[in-house]
Amino acid sequence: MDLLAGLNSQQQQALSAGLGPVLVLAGPGSGKTRVLTHRIAYLVGHLAVRPYNILAVTFTNKAAREMESRVEELLGSRPNGLWLGTFHSVCARILRREADKLPFDNNFVIFDDDDQRGLVKRAIRDLDLDEKQYRPHTVHNSISRAKNELILADDFPVQTYRDEVVQRVFARYQELLLTSNAVDFDDLLLWTAMLLEENEEVRQKYARRFEHVLVDEFQDTNMAQYTLLKHLASFHNNIFVVGDVDQSIYRWRGADYRNVIRFENDYPDAQVILLEQNYRSTQTILDAAMAVIDRNPNRTAKSLFTDRAGGEKIELQELFDGREEGTFIVNTIATNVQLEGREPGEYAVMYRTNAQSRQIEEAFLQANLPYKLVGAQRFYGRREVKDVLAYLRLVHNPNDEASLGRVINTPTRRIGAKTQAALRTLAVNENISMGTALLNLAKGDKSDYIGAFSKGAGQALAVFGQMLAGWREKVVEVSPLKLMDAILSDIDYQHYLDDGTEEGVDRWENVLELRRLAAEYNERGLGEFLEELALVSDQDTVDADANVPTLLTLHAAKGLEFPVVIITGLEDGTLPHIRSFDDPEGMAEERRLFYVGITRAKDKLYMTHAQNRSSYGYQEPTDPSRFLEDIPDELVEGGNAARVTGRPKVSEQAYDWDSPAYQSAEILQPSYKAGMRVLHPTWDEGMVLNSRIEDGDEVVDVFFKDLGQKTLIASLAQLEIIDA
């Protein structure tokens with residue numbers, strides 16, 4: 001097929017660019033995915049490059065699947081041998097292949113966020129440090145930032161006593177990871193970059209193989225990713241990167257837009273191509289976006305244009321407070337669905353921080369209207385799903401002590417904390433993992449172990465060890481689904497979950513959904529199943545088929561688009577965030593974040609700000625976001641003339657939503673569940689005892705170690721869930 005057909009002149013230039021380094025600066029909605037996929041097809045179909053010699057990397061599984069599907073469609077057949085995936089999946093693949101050169105085995109497991117925080121907590125406890133003084137979340141962030149800069153514990157910069165403590169925790173954390181034959185997300189990049197840096201043979205192996213390296217969302221790469229890309233492209237020097245400095249919004253997790261500048265410095269002969277024609281938004285929306293972003297320094301100016309001239313003006317709405325803002329949002333969507341014929345799923349409500357969703361959710365709940373919340377309690381973060389995955393991970397890798405700790409007494413089998421501590425001591429003394437000690441107990445050939453436990457505890461451990469040994473025998477014979485079914489049956493997990501309550505039924509249904517996912521890996525094996533699930537991002541879990549409004553943060557909105565977008569909370573201190581006021585780089589990123597939000601909209605954009613916001617239970621006056629001043633008056637209409645008051649009074653008769661999806665959609669239940677561990681900004685950690693909805697507010701009973709039980713209004717308490 002003619003790969004140039006249907007492409008504009010800039011896209012054609014990028015598609016057919018010659019050999020050597022190429023930098024494509026692609027504005028939002030400019031068809032960068034189309035350019036990347038056509039470029040791959042061009043290499044294979046016109047330049048006769050074997051798919052085996054091409055590597056293409058992106059940031060989400062969703063984007064990788066879309067690219068792979070498009071390439072296959074363009075070529076008319078599957079490009080066998082092509083390496084196309086996320087940075088993390090590609091690195092995991094390399095590490096498993098080269099594990100004999102690394103300090104872990106090729107059946108390593110990938111620890112998720114909860115596992116990582118738990119391991120940092122254990123490292124802090126092992127070093128007899130105070131968790132209140134050195135909060136695990138903060139310490140883990142420091143460790144993650146260091147790894148993104150290719151810094152290991154021995155090289156961690158120490159300038160203060162706190163730095164020294166972080167270095168010690170870092171070192172212990174890495175020891176615990178290796179003991180569990182595990183890596184975290186940052187390790188996937190770190191170990192791969194270091195392997196390519198230090199091992200000439202391995203570097204040449206992959207650099208010679210990959211004649212062409214293509215990179216999506218290049219502005220979101222960190223130093224580790226930039227380094228490994230340079231190594232992978234070091235032999236043929238054919239590196240084709242697509243990105244947009246103006247959409248670099250992940251500085252907080254290590255992304256560095258300056259990699260675009262580094263690329264131009266490291267490859268002075270690189271072709272630089274601009275993609276400026278937008279295929280998504282109206283010109284009104286693009287003009288507003290450019291007015292905001294043009295004030296940022298250190299960028300290549302672009303002039304975004306579209307065939308969709310004009311377009312509706314942006315509606316700016318000032319509300320009294322957050323409750324009134326939620327009312328306005330719900331009434332706007334409901335009215336437009338009824339009067340303009342739009343579908344509910346065409347709407348997205350975006351905000352700067354997750355905490356802002358609470359009052360918007362309350363408005364939907366009060367109106368009895370469903371919605372979907374992106375990045376909240378993800379499917380893979382639910383307790384029952386994590387339990388089952390922990391069993392599978394333990395079978396795959398018995399050295400995984402995080403998974404063992406989660407399931408050894410779930411369901412209860414008389415293996416309490418004292419017995420687990422004794423098992424850990426035995427393992428340390430024998431210089432083996434706890435899982436290996438369990439398997440030895442199961443064999444019965446270590447009679448000297450029995451003295452380490454009481455009779456009942458030793459028997460309980462041996463029984464569990466025998467189950468683990470039995471599952472490990474099955475893993476080489478059966479599919480992930482059959483293995484999962486064997487585990488669920490052996491531990492009678494359905495009976496454990498289904499306690500006769502609606503919540504118990506829901507939890508078991510989540511397990512059945514996990515079974516459905518496992519069935520898709522019958523031909524691919526347990527290792528691949530666990531790896532892909534470990535690398536799932538929030539965007540990968542977005543249900544594109546649910547015809548309900550989407551609520552999400554501006555960070556989560558990257559890469560998505562919606563016919564109608566409502567950006568809320570546009571006040572100084574919220575967007576831009578107060579932390580950026582004395583940080584020029586931070587302020588520039590806040591401006592980029594607003595730009596990303598604006599350019600998600602296709603047809604219509606609403607923006608709201610409140611005169612007052614609740615802070616620690618008190619209403620405080622606010623100022624409109626300074627970014628609003630940058631948008632020309634002729635692009636905006638509204639203000640506070642259309643203010644609404646009171647709570648929404650929406651009935652089925654008032655808003656007759658005929659959409660079948662609305663008839664069957666589920667209304668969100670309380671966010672906090674009994675047993676959750678939460679973090680309060682003043683009272684530190686606590687455990688949720690109960691949660692309920694009262695008069696449109698979620699009320700939570702929380703037990704704090706030093707204060708006892710407190711009853712809090714969730715929307716005001718600023719609680720952070722740290723362990724679901």
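Heavy-atom basis, side chains included; hydrogens, waters and symmetry copies ignored.
Between Ser9 and Gln12, the side chains place no donor N or O within less than 3.5 Å of an acceptor N or O (distance only, hydrogens not considered). Side-chain atoms of Asn265 and Arg262 include no donor-acceptor pair closer than 3.5 Å. Gln13 and Gln11 form no side-chain donor-acceptor contact under 3.5 Å, judged by distance and modelled atom types alone. Glu276 and Gln10 share a side-chain donor-acceptor pair at under 3.5 Å.
For the pair Leu152 and Phe170, the tightest heavy-atom approach, listed with the atom from each and the gap, is C-CE1, 3.7 Å. Across all their heavy atoms, Arg600 and Gly559 have their closest contact at NH1-N, 3.5 Å. Of all heavy-atom pairs spanning Gly45 and Leu75, the tightest one is N-CD2, 4.4 Å. The minimum heavy-atom distance linking Leu554 with Gly597 is given by the pair CD2-CA, 3.6 Å. In terms of heavy atoms, Ala26 sits closest to Val242 at CB-CG1, 3.9 Å. The two residues Asp114 and Ile722 make their nearest non-hydrogen contact at OD1-O, 4.4 Å.
Remark: the backbone N or O of Glu211 is paired with a side-chain donor or acceptor of Asn238 at under 3.5 angstrom. A donor-acceptor pair under 3.5 Å is formed between the side chain of Thr306 and the backbone N or O of Asn278. Judged purely by atom type and a 3.5 angstrom limit, Ser180 has no side-chain atom pairing as donor or acceptor with the backbone of Leu177. In this structure a side-chain-to-backbone donor-acceptor pair under 3.5 Å is present from Ser281 to Ala601. No donor-acceptor pair closer than 3.5 Å links the side chain of Ser144 to the backbone N or O of His140. Although no hydrogens or angles enter the test, the distance criterion places a donor-acceptor pair under 3.5 Å between the side chain of Asn107 and the main chain of His396. Side-chain N or O atoms of Asn222 include one that pairs as donor or acceptor with a backbone N or O of Ala224 at under 3.5 Å. Between the Thr192 side chain and the Leu188 main chain, a donor and an acceptor come within less than 3.5 Å of each other. Between the side chain of Arg295 and the backbone N or O of Ala291 there is no donor-acceptor pair closer than 3.5 Å. Under a 3.5 Å cut-off, the side chain of Tyr521 and the backbone N or O of Gly527 do not form any donor-acceptor pair.
Applying the salt bridge (Lys or Arg N to Asp or Glu O under 4.0 Å) test to Arg78 and every residue at least two apart in sequence or in another chain returns Glu68, Glu72. Residues passing the salt bridge (Lys or Arg N to Asp or Glu O under 4.0 Å) test with Lys302 are Asp244, Asp246, sequence neighbours excluded.
The shortest distance between side-chain heavy atoms of Phe104 and Asn397 does not fall below 4.5 Å. In this structure, the side chains of Tyr595 and Pro28 come closer than 4.5 Å at one or more pairs of heavy atoms. Side-chain atoms of Ile151 and Asp155, non-hydrogen and from C-beta on, do get closer than 4.5 Å to each other. Put simply, the side chain of Cys91 reaches to within 4.5 Å of the side chain of Leu228, judged on heavy atoms. Side-chain contact check for Val35 versus Tyr42: every heavy-atom pair is 4.5 Å or farther apart. Residues Lys205 and Arg209 are not in side-chain contact: their nearest non-hydrogen atoms beyond the backbone lie 4.5 Å or more apart. Taking the side chain as every heavy atom from C-beta outward, His38 and Arg70 never approach each other to under 4.5 Å. The closest side-chain heavy-atom distance from Arg308 to Asp603 is below 4.5 Å.
Atom CD in Glu264 sits 11.5 Å away from atom CG in Asn259 (nearest 0.5 Å). Atom CG in Leu517 sits 6.0 Å away from atom CG in Leu514 (nearest 0.5 Å). Once rounded to the nearest 0.5 Å, the distance linking CD1 of Ile110 with NE2 of His88 reads 9.0 Å. Taking CG of Leu196 as the reference point, atom CD1 of Ile94 lies at 6.0 Å (rounded to 0.5 Å). A distance of 5.0 Å separates CG of Leu43 from CD1 of Ile54, quoted to the nearest 0.5 Å. Atom CG of residue Leu150 and atom OG1 of residue Thr227 lie 4.5 Å apart, to the nearest 0.5 angstrom.
Aromatic ring orientation, Phe59 versus Phe87: tilted (interplanar angle from 30° to 60°). The aromatic rings of Phe627 and Phe594 lie parallel to each other, their planes meeting at an angle below 30°, with 60° marking the opposite boundary. Taking the six-membered ring where tryptophan is involved, the planes of Trp83 and Tyr206 are tilted, since the angle between them lies from 30° to 60°.
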Discussion item. Please determine whether side-chain contact (heavy atoms from CB on, under 4.5 Å) holds for the pair His577 and Leu593, giving the CA-CA distance in whole Å, both sets of side-chain angles, and the decisive distance to 0.1 Å.
Written reply: CA-CA 11 Å; His577 198 279; Leu593 190 59; over 6 Å; no

Item to complete: Could you check Ile293 against Arg299 for side-chain contact (heavy atoms from CB on, under 4.5 Å), going step by step and ending with a plain yes or no?
Response: CA-CA 9 Å; Ile293 202 63; Arg299 54 182 295 272; 3.7 Å; yes

Fill in: Steps toward side-chain contact (heavy atoms from CB on, under 4.5 Å) verdict (Tyr351, Leu575)
CA-CA 9 Å; Tyr351 33 81; Leu575 184 67; over 6 Å; no

Fill in: side-chain contact (heavy atoms from CB on, under 4.5 Å) between Ser357 and Leu373, worked out
CA-CA 9 Å; Ser357 74; Leu373 187 66; 4.1 Å; yes

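Checked for salt-bridge contact, Glu149 and Arg145 miss the test: no charged N lies under 4.0 Å from a carboxylate O. Salt bridge present: Arg352 and Glu590 bring a charged side-chain N and a carboxylate O closer than 4.0 Å. Taking a cutoff of 4.0 Å between a charged side-chain nitrogen and a carboxylate oxygen, Arg251 and Glu589 do not qualify as a salt bridge.
With Tyr257 as the aromatic partner, Arg592 meets the cation-pi criteria of under 6.0 angstrom to the ring centre and within 45 degrees of the ring axis.
Exactly one residue among Arg96, Arg524, Arg393 makes a salt bridge (charged side-chain N to carboxylate O under 4.0 Å, His left out) with Glu531. That residue is Arg96. For the pairing with Val24, the side-chain contact (heavy atoms from CB on, under 4.5 Å) check across Val241, Leu275, Leu274, Val215 returns one residue only, Leu275.
Shown here is Tyr52, whose OH atom has no more than 12 heavy atoms of other residues, nucleotides or ligands within 6.0 Å.
Within the structure, every pair that satisfies the ring-ring contact (aromatic ring centres under 6.0 Å, His included) test and touches residues 214-246, not counting sequence neighbours, is listed here: Phe218-Phe263.
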